[in-house]
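Every heavy atom of this structure was used, including side-chain atoms; hydrogens, water molecules and symmetry mates were not. Order of appearance sets the numbers: ligands from 1, and atoms from 1 within every ligand.
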Amino acid sequence: MKKVELNSIRHDWDIEEIEATYLLPIPELIFRAQCFHRSYHSSEEVQGCSLLSIKTGGCPEDCGYCPQSAHYNTDLSDHGLMNLEDTLVEAEKACQAGATRFCMGAAWRQAPEGLEFDRVLEMIRGVRSLGMEACCTLGMLTEKQAAALASAGLTAYNHNLDTSPEFYGEIITTRTYQDRLETLAHVRAVGISVCCGGIIGMGESRWDRCRLLEQLAIQNPHPESVPINLLVRVEGTPLFSQEEFDTIEMVRTMATARILMPKSMVRLSAGRSSLSDEIQTLCFLAGANSIFMGERLLTTPNPQTHEDQKLLDRLGMKFRPISTSRIN
Ligand code: SAM
Ligand code: DTB
Ligand code: SF4
């Protein structure tokens, strides 16, 4: 392994080096992750983000983990695109609760053209006017749509690679890895910050997790935001019967992401409801510095804010206040 240079941001990671990092003894792995973390981030603050599903269910894609896919029979009420007022009421509530980033998710294969897209642009302007970062995840985008989102003031666009290129076809058949990379390139081209990560616990190997991290870490610049989701097993989806995941692997994934992409926000995203306080603490030690707040992610449960606040209090940590928020 090359010498550890705390201030170097590298884009030339290779898979052997990443695997060697991932497999370090946990004390050494976390120590290294902490060293990188402290070079760029506060060791005691996490960013609170809030999620809202602005368009729910009925999605034509077949992502095997997703309760919103029309291919599967899940216990979910579909909902068309929310109206502007209701969305901004939710954004304001999230802001009051201490969130500094508001993420709006839509179960679309690709962002639509026309009135619905215009409404999303209004939502973004509204969220920005509350002083929060605005993030959207609307499926695939053209460069023209990305430019319109940028003009509306969108801070970040979330579009995940989900897993390794090799494992990807086991999970999704209706769009390709390359499609995803193209949307990410459109987002990058118009200067919107990139939020891109994946899901672990879907039956992939350690090598696949390392390959996902490699795909993220060879991007130049790195995605400013890297959400690591633990699969939420939802009844009716093909991955419901996936066996329970060893959560120490979650810690390894977080720490490796932090070492590979030291400046990025590493977000401990979906799946916290099934993680103990102790594993979440290890994730923070490994360099995770953001969580979703509020009792719902898009369609699945998330710990309540008072529980998260209690955990942060016990750890002597805090949510990052809005005034010191950086844009990532
Ligand atoms: N339809 C858009 C898309 O896929 O780009 C946006 C919404 S989609 C729900 C956003 C992300 O949520 C997915 O890329 C996936 O990584 C994550 N996700 C969806 N279902 C999940 C689950 N059951 N467990 C963990 N993460 C999940
Ligand atoms: C991301 O990587 N995780 C968030 C956000 N991007 C949009 C979504 C998690 C969704 C979990 C399943 C659900 O609640 O529907
Ligand atoms: Fe549709 Fe996104 Fe769910 Fe895939 S992850 S089925 S694209 S909503």
Protein residue, atom and distance nearest to [atom], heavy-atom basis:
atom: atom 26 (N) of ligand 1; answer: Ile199 CD1, 3.6 Å
atom: atom 11 (C) of ligand 2; answer: Ala270 CB, 3.9 Å
atom: atom 3 (N) of ligand 2; answer: Asn229 OD1, 2.9 Å
atom: atom 21 (C) of ligand 1; answer: Tyr65 CD1, 3.6 Å
atom: atom 12 (C) of ligand 2; answer: Thr300 OG1, 3.7 Å

Is a salt bridge present between [X] and [Y], judged by a nitrogen-to-oxygen distance below 4.0 Å?
X: Arg119; Y: Glu116; answer: no
X: Lys310; Y: Asp277; answer: no
X: Arg272; Y: Asp308; answer: yes
X: Arg206; Y: Glu249; answer: yes
X: Glu224; Y: Arg188; answer: yes

Please work out which of Arg175, Met104, Gln110 has its closest non-hydrogen atom nearest to atom 4 (O) of ligand 1.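 Answer by nearest heavy atom: Arg175.
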For Trp13, is the NZ or CZ atom of Arg10 found under 6.0 angstrom from the centre of its six-membered ring and inside 45 degrees of the ring axis?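 Satisfied, under 6.0 Å and within 45°.
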Considering all protein heavy atoms, does one lie under 4.0 Å from atom 8 (S) of ligand 1?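 False for atom 8 (S) of ligand 1.
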I'd like to check atom 23 (N) of ligand 1 in this structure: does the protein have a heavy atom lying under 4.0 Å from it? yes
Region of Val232 that comes within reach of ligand 2 [heavy atoms, distance under 4.0 Å]: neither
Determine whether the side chain, the backbone, both or neither of Asn158 has a heavy atom under 4.0 Å from any heavy atom of ligand 2. side chain
Answer with yes or no whether Thr137 contacts ligand 2, where contact means a heavy atom under 4.0 Å from a ligand atom. yes
Between His11 (side chain) and Gln219 (backbone), is there a donor-acceptor pair under 3.5 Å?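 Yes; judged by distance alone, with no hydrogens or angles, the pair exists.
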Would [X] end up clustered with [Y] when hydrophobic side chains under 4.5 Å apart are linked, directly or stepwise?
X: Trp108; Y: Leu84; value: yes
X: Leu184; Y: Tyr168; value: yes
X: Phe319; Y: Met317; value: yes

Does ligand 3 have any atom sitting under 4.0 Å from a heavy atom of His71? no
Short side-chain donor-acceptor distance under 3.5 Å, [Y] and [X]:
X: Arg267; Y: Ser225; answer: yes
X: Gln47; Y: Thr100; answer: yes
X: Thr56; Y: Ser53; answer: yes
X: Asp162; Y: Tyr177; answer: no
X: His41; Y: Asn289; answer: yes

At less than 4.0 angstrom from any non-hydrogen atom of [X], what atoms of ligand 1 do you find?
X: Leu298; result: 9 (C)
X: Ala106; result: 1 (N), 2 (C), 6 (C), 7 (C)
X: Gly139; result: 2 (C), 5 (O)
X: Thr137; result: 2 (C), 5 (O), 6 (C), 7 (C)
X: His159; result: 5 (O)

A student checking ligand 2 against Pro227 at a 4.0 Å heavy-atom cut-off should list atoms 2 (O)
Proximal atoms of ligand 2 relative to Thr299 (non-hydrogen, under 4.0 Å): 13 (C), 14 (O), 15 (O)
Inter-residue atom distance Glu90.CD - Leu88.CG, 0.5 Å rounding: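 It is 10.0 Å, given to the nearest 0.5 Å.
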Mind checking the CZ-CG spacing from Phe245 to Leu230? Nearest 0.5 Å is all I need.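 Answer for the CZ-CG pair, Phe245 versus Leu230, is 7.0 Å.
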Leu298-ligand 2 polar pair, N/O distance under 3.5 Å: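 Indeed, backbone or side chain, Leu298 has an N or O that close.
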Could you say whether the N/O atoms of Asn160 and ligand 2 ever approach to under 3.5 Å? yes
Is it the side chain, the backbone, both or neither of Lys55 that has a heavy atom closer than 4.0 Å to ligand 3?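 Under 4.0 Å from ligand 3, Lys55 contributes no heavy atoms.
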Contact (N/O only, under 3.5 Å) between [X] and ligand 1:
X: Asn160; result: yes
X: Asn158; result: no
X: Gly198; result: no
X: Gln68; result: no

Hey, are the side chains of Arg128 and Ile124 touching, using non-hydrogen atoms and a 4.5 Å cut-off?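 Side chain of Arg128 against side chain of Ile124, heavy atoms only: contact under 4.5 Å found.
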With heavy-atom distances below 4.5 Å as the criterion, would you say the side chains of Leu282 and Leu285 are in contact?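 With C-beta onward as the side chain, the pair touches.
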Which of the numbered atoms in ligand 3 are under 4.0 angstrom from any heavy atom belonging to Arg175?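 Contacts of ligand 3 toward Arg175, numbered from 1: 7 (S).
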Count of N, O or S atoms belonging to protein, less than 2.8 Å from atom 3 (Fe) of ligand 3: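 Total protein N/O/S atoms under 2.8 Å from atom 3 (Fe) of ligand 3: 1.
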Thr176 and side chain to side chain donor-acceptor pair (under 3.5 Å): which partner among Thr173, Thr174, Asp179? Asp179
Has Thr237 got any heavy atom lying under 4.0 angstrom from an atom of ligand 1? no
